[in-house]
Structures are given as C-alpha cells and as structure tokens.
Amino acid sequence: QVQLMESGGGLVQPGESLRLSCAASGKIFTVYSMSWYRQAPGKQRELVATISNSDGLTNYADSVKGRSTISRGNARNTVFLQMDSLKPEDSAVYYCRANLQITELSTQNYYWGQGTQVTVSS
C-alpha cells in the first residue's frame, strides 16, 4: 500500500506564507514525479505545481508562478510547496499526487493524499 501524507496547511492572513509538505510511504520502487493540486469549493481540482524526480524540472500554474516554489526532499519521496504572498483566492484544499511504480515490473500509477486545508483570510 502506498500512502501520501500532507501537512502544513492552516489559516493565514493575506500576504503571509505557508510551507506544505508531502511524504510518500509504503511499497515504492520509483517515484517519477510529485505534484500539488488544489480544489476550492465549487471548483475543479487544478494543478498548482509539479516536479520531476529525474531532473528536477518544475512547472507552475500561472496563478502561483513567482509566488510559489516546489522542491523535493533528499529521499525523493517527499515534496514541499513554499507559498508566499498568499491571496484569498489561494484558499483551497491542497492535494499531493505522486506518479510512481510500486515494483520494477508494475506500471506507473498516480496516488493521491487526503489533502490539507489552506485558508487565506483577514
């Protein structure tokens, strides 16, 4: 079983920062990439940022570009999202997703965490 556990969400004021963390655990052979998504009430889940484990290549949604930084831990099964200059429109449940193989012969699959709430409000 693979588990992804997010942490770091909370209530902050506009302009403040948060650092989200996500760790994948369980039977994992290789992690190819890890991403952060978010979903606000009444809206579709959207990609926030992604990072490739092979080369560290990153990609960001236009809405967070310049204000957020995705990075990976040394163990390659952890990912962080540093969010600065937060806005009320950043409020959402943030989900971690990993693209990984559980064995050398298995196909790549996506696994999701349970999410962590981020609320930006004065």
Inset, instruction - Using only heavy-atom distances, determine whether the side chains of Ser121 and Thr119 contain a donor-acceptor pair under 3.5 Å. - result: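 No pair is found: no donor N or O on one side chain lies under 3.5 Å from an acceptor on the other.
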
Legend entry - Short side-chain donor-acceptor distance under 3.5 Å, Asp84 and Ser17: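 Yes, a side-chain donor-acceptor pair sits under 3.5 Å.
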
With sequence neighbours left out, which residue pairs that include part of [range] fulfil the salt bridge (charged side-chain N to carboxylate O under 4.0 Å, His left out) condition?
range: residues 5-26; value: none
range: residues 108-118; value: none
range: residues 20-39; value: Arg38-Glu46, Arg38-Asp90

Once you round to the nearest 0.5 Å, how far does [atom1] of [X] lie from [atom2] of [Y]?
X: Ser63; Y: Lys87; atom1: OG; atom2: NZ; result: 8.5 Å
X: Gln82; Y: Ser21; atom1: CD; atom2: OG; result: 9.5 Å
X: Thr116; Y: Met5; atom1: OG1; atom2: CE; result: 10.5 Å
X: Arg97; Y: Ser33; atom1: CZ; atom2: OG; result: 6.5 Å

Legend entry - Gln101 side chain to Ser106 backbone, donor-acceptor under 3.5 Å: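 Present.
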
Legend entry - Donor-acceptor contact below 3.5 Å, side chain Gln39 vs main chain Lys43: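 Yes: the side chain of Gln39 pairs with the backbone of Lys43.
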
Can you list the other members of the hydrophobic cluster that holds [X], where links are side-chain heavy atoms under 4.5 angstrom apart?
X: Phe80; value: none
X: Leu47; value: Tyr37, Val93, Tyr95, Trp112
X: Trp36; value: Val2, Leu4, Val12, Leu18, Leu20, Ile28, Val31, Met34, Val48, Ile51, Tyr60, Val64, Ile70, Val79, Leu81, Met83, Leu86, Tyr94, Leu100, Ile102, Tyr111, Val118, Val120

Should the heavy atoms of other residues, nucleotides or ligands under 6.0 Å from [atom1] of [X] be counted, would the total exceed 12?
X: Tyr32; atom1: OH; value: yes
X: Gln3; atom1: CD; value: no
X: Gln44; atom1: CD; value: no

Inset, instruction - Kindly indicate whether the side chain of Cys96, heavy atoms from C-beta on, has any atom under 4.5 Å from the side chain of Ser35. - result: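 Cys96 does not reach Ser35 side chain to side chain.
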
Legend entry - Which atom of Ser122 lies closest to which atom of Pro14, heavy atoms considered: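 Result for this residue pair: N-CD, 3.7 Å.
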
